[in-house]
2 protein chains.
Amino acid sequence: MLYLIGLGLGDTKDITVKGLEIVKQCSRVYLEAYTSILTVGKEALEEFYGRELILADRDMVEQEADEILKGADTSDIAFLVVGDPFGATTHSDLVLRAVNAGIQYKVIHNASILNAVGCCGLQLYNFGETVSIVFWTDTWKPESFYDKIQRNRENGMHTLCLLDIKVKEQSMENLLRGRKIYEPPRYMTVSQAAEQLLEIVQNRRQRGEALAYTEDTVCVGLARVGAEDQAIRAGTLRQLAACDLGGPLHSLIVTGHLHPLELDMLRLFTVQPGALDNLKTLDSSTYTS
Amino acid sequence: MLYLIGLGLGDTKDITVKGLEIVKQCSRVYLEAYTSILTVGKEALEEFYGRELILADRDMVEQEADEILKGADTSDIAFLVVGDPFGATTHSDLVLRAVNAGIQYKVIHNASILNAVGCCGLQLYNFGETVSIVFWTDTWKPESFYDKIQRNRENGMHTLCLLDIKVKEQSMENLLRGRKIYEPPRYMTVSQAAEQLLEIVQNRRQRGEALAYTEDTVCVGLARVGAEDQAIRAGTLRQLAACDLGGPLHSLIVTGHLHPLELDMLRLFTVQPGALDNLKTLDSSTYTS
């Protein structure tokens, strides 16, 4: 049996009781290590489980999936994923490989950022499509998420922006020379994401285009959701660009229409007192206080 | 401290290790009992936790919140919610009351249907707005979710339909007479939801309107997600209307644009072999195989 087990978002103890029982009994346990991270590392998990973990990076999951599945027809193999196992596409691929090889699988669910963001008080069923914001470079500044945020806001929906993670990336030089030397991991911050969103708006304003959001649109920054030191800040996009939420992982929400109860919850997390007291009506989807 | 603890979706052991530790140490533990259910009852939870639970129905949470929060400034109170604590609006209300009373709170997240539906292989970031489908009566047949499904499908997005739960409902007679006699709980099935969706389409077709979906649109029915006996069936809306997925809780997904990998996953769950082999192109958002 292949078990795909979600670890939740915070630390070692966010695994479920069922998940922990299975981890202890499997013959091999892999830890997926590239779509998300916990606030604790592999060693802390190993100590808590009382057993060794095999780190599975993207190369391994995509190119050596057969190695991971080896023996899973007769013994139990666990594949641990931060959050819930079905947040990332690659794990569908692993499931399909297992099924094609006649291996049964079972999923042990857990919280993922996609539902845990509800902790800021925005209603989950008021979220539209989730978007990803990638690190810009000097020459590559994709804006594909902008249209999705626009569509969500036109419909009054909030947008959860998942922020880029660069793990095991090679520099262009090392890539070209085929050297497996990796850059230090990088995790996009709320401030960096907000800066990119502001730059898009400034450019579009100069071109005279209608704007999906502005510097004054209410946004929410979240860091280390589910961990002891989680941080949530609500404020305007401009305010969040100046906000330091500490270590990874960060997420950003661009709000749509705000229900009064949602606004009451956001006020628990304002960047500065009164930051949400004089909301302007920017368009049909922004709440007037 | 007020702890809001998610129980996940399946049975007793879907609580997190952290959640279980807190439950054992709190002075009072409430079990929220109206927005969702586990496949096991209060008694099984009490046995697993080794302690008594206080059932909190809607009346209690909405009208006696102060009772729930009593003493939480000096001792620890737990409020258990099936799924994740921030699936339903009422719990924001409880948090705000706590904060206003000077009581600290902490959230222990868990899987909810909103992220666990990923187990069918549809990508979570391809979902648009979530909708709720309520039980129709002879005289009340709301269709408000139809426009949302339409909007999602126009954008190629999947729609998660949460299906109605009627718990502690009074008959009109008992309500008028002020008798606190409650009807047996009712949980909408995938088949019932599909029937209602079909009826809407038939009516709109007769009126000559453009259709958001048809009898042949690919849908996914899910029952008891996360439980040992979970059931997932993929097929056309018409096929799902004839499908019996067993006991509650059920959810239905109306798909939008299907990525080939998503389709490969859905084929693991087809109502009948080959059910997804000859997909017609119904509109821009439906996949052509």
Side-chain angles (χ1 to χ4, degrees), chain A residues 6 8-21 48 83-89 92-93 95-96 99 107-132 148 151-152 155 157 160 162 225-226 230 259 261-262 264-265 268, chain B residues 6 8-21 48 83-89 91-93 95-96 99 107-121 123-132 148 151-152 155 157 160 162 225-226 230 259 261-262 264-265 268:
Chain A
L9 295 168
D11 57 35
T12 52
K13 293 185 175 175
D14 286 311
I15 193 170
T16 65
V17 173
K18 193 182 283 172
L20 182 60
E21 284 182 1
F48 184 67
D84 187 75
F86 280 95
T89 319
S92 287
D93 197 64
V95 164
L96 286 168
V99 172
V107 180
I108 309 298
H109 290 288
N110 209 319
S112 67
I113 190 66
L114 289 157
N115 71 334
V117 288
C119 65
C120 73
L122 296 175
Q123 288 299 313
L124 291 176
Y125 45 73
N126 292 339
F127 278 77
E129 184 176 357
T130 299
V131 306
S132 294
K148 294 179 181 175
R151 207 159 61 197
N152 284 341
N155 293 325
M157 311 303 287
L160 171 61
L162 302 177
V225 170
Q230 85 172 17
H259 182 277
L261 186 61
E262 292 180 312
D264 285 344
M265 281 293 291
L268 302 181
Chain B
L9 297 168
D11 57 35
T12 53
K13 293 186 176 176
D14 286 310
I15 192 171
T16 64
V17 173
K18 193 182 284 171
L20 182 60
E21 285 182 1
F48 184 67
D84 186 76
F86 280 95
T89 319
H91 308 136
S92 285
D93 197 64
V95 165
L96 286 168
V99 172
V107 180
I108 309 297
H109 290 288
N110 209 320
S112 67
I113 190 66
L114 289 157
N115 72 334
V117 287
C119 65
C120 74
Q123 288 299 311
L124 291 176
Y125 45 73
N126 293 339
F127 279 77
E129 185 176 356
T130 300
V131 307
S132 295
K148 293 177 181 177
R151 206 160 61 198
N152 284 342
N155 293 325
M157 311 303 289
L160 171 62
L162 302 176
V225 170
Q230 84 172 17
H259 182 278
L261 186 62
E262 291 181 312
D264 284 344
M265 281 292 293
L268 302 180

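What you are looking at is a predicted structure, and each value in this text was computed from that prediction instead of being measured. Here is how names work: the chains are called A, B, and so on, in the same order as the sequence lines, proteins then strands, and each is numbered from 1.
- In terms of heavy atoms, Thr16(B) sits closest to Asp14(A) at CG2-O, 3.3 Å.
- In this structure, the portion of Val95(B) lying under 4.5 Å from any heavy atom of chain A is its side chain and not its backbone.
- For Val225(A) against His109(B), the heavy-atom pair with the smallest separation is CG1-NE2, 4.0 Å.
- Looking at every heavy atom in both residues, Phe86(A) comes nearest to Met265(B) through CE2-CE, 4.0 Å.
- For the options Gly226(B), Gly128(B), Gly8(B), Cys119(B), heavy-atom pairs under 4.5 Å to chain A are most numerous at Cys119(B).
- Highest contact tally toward chain A, considering only Gly6(B), Ser112(B), Gly10(B), is held by Ser112(B) [criterion: heavy-atom pairs under 4.5 Å].
- Between chain B and the residues Leu114(A), Thr130(A), Asn110(A), the most heavy-atom pairs under 4.5 angstrom are made by Asn110(A).
- Residues meeting the side-chain hydrogen bond (donor to acceptor under 3.5 Å, both in side chains) test with Glu262(B), sequence neighbours left out: Asn126(B), His158(B).
- Contacts between Ile15(B) and chain A at a heavy-atom distance below 4.5 Å involve backbone atoms as well as side-chain atoms.
- Contact of the Asn155(B) side chain with the Glu129(A) side chain is not registered, since no non-hydrogen atoms from C-beta on lie closer than 4.5 Å.
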Take Leu261(A) and Leu96(B) through the test side-chain contact (heavy atoms from CB on, under 4.5 Å) and record every step on the way to the result. CA-CA 9 Å; Leu261(A) 186 61; Leu96(B) 286 168; 3.5 Å; yes

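- Taken from NZ in Lys18(A) to OG1 in Thr12(B), the straight-line distance is 7.5 Å, to the nearest 0.5 Å.
- At a 4.5 Å heavy-atom cutoff, the contact between Gln123(B) and chain A is made by side-chain atoms alone.
- Partner of Asn115(A) under the side chain to side chain contact (heavy atoms under 4.5 Å, CB included) criterion, out of Ile113(B), Asn115(B), Leu124(B): Asn115(B) alone.
- Distance check, rounded to the nearest 0.5 Å: OH of Tyr125(A) to CG of Leu162(B) gives 10.0 Å.
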